[in-house]
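Structure record follows, encoded as structure tokens.
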Amino acid sequence: MKQKRFLMVCLGNICRSPLAEGILKHKAAAAGLDWVVESAGTNGYHTGEAPHPLSQKVARLNGVDICQQRARNFTAADLERYDHIYAMAADVITDMKRIAGKQWDPSKVDLLLNEVEAGSNQDVPDPWYGEEPGYHDVYKLIDSACDAIIMRFAQVKSQK
Ligand code: 4NP
């Protein structure tokens, strides 16, 4: 089976997209899939930083270790390097278009939550300004989207 390459993108690459990277990586490995899953941010404010302590905590409580991740900037070259690029929210897509310029390829990019409900165009809310419960809510949303990605691209058949 061909290796698939996924990129998860948010603003800071410290709250939402590190969770998305960690969760999808974890599920892909559990399903025996040879997938590359990485993440990036569009605002560059936190480049080189580890994920937010609350993202790390919520991931750990769910058996997912994201503490080794470090924030990096989304670049135009990412449009070529990945097969599927998921933005956590509409403002992230606006930034990605600006950064990508001529490399922009809408066929590779979608909002993450459109994997849960196609065409719903919902954002994963930014937990950065809030408290711990917001991070748990974000985890659940991203977790269900990652289940949908596994079902779609791994062609896993549901167990009856
Ligand atoms: P994220 O959250 O995009 O989910 O990583 C944010 C983290 C930091 C900032 C904004 C959003 N910030 O403006 O510093």
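Owing to the predicted nature of the structure, the values given are computational and were not obtained by experimental measurement. Just so you know, ligand 1 is whichever comes first in the structure, and atom 1 is the first atom listed for that ligand.
- In terms of polar-atom proximity, defined here as any N/O pair under 3.5 Å, Pro127 makes no such contact with ligand 1.
- Residue nearest to atom 11 (C) of ligand 1, selected from Asp126, Asn13, Ile14, Asp91: Asp126 (by heavy-atom distance).
- Aromatic ring centres of Trp128 and His46: separated by under 6.0 Å.
- Side-chain atoms of His52 and Gln56 form no donor-acceptor pair, as typed in the model, at a separation below 3.5 Å.
- In terms of protein heavy-atom proximity, atom 1 (P) of ligand 1 is nearest to Cys10 SG, 3.5 Å.
- Below 3.5 Å of separation, one finds no N or O of Tyr45 facing any N or O of ligand 1.
- Counting atoms of ligand 1 from 1 in the listed order, those under 4.0 Å from a heavy atom of Cys15 are 1 (P), 2 (O), 4 (O), 5 (O).
- Around CD of Glu132, the count of heavy atoms belonging to other residues, nucleotides or ligands within 6.0 Å exceeds 12.
- Given atom 14 (O) of ligand 1, the protein heavy atom at minimum distance is His46 NE2, 2.8 Å.
- Looking only at atom types and distance, the side chain of Asn43 has no donor-acceptor partner in the side chain of Asp95 under 3.5 Å away.
- Here the side chains of Pro106 and Trp104 are in contact, with some heavy-atom distance below 4.5 Å.
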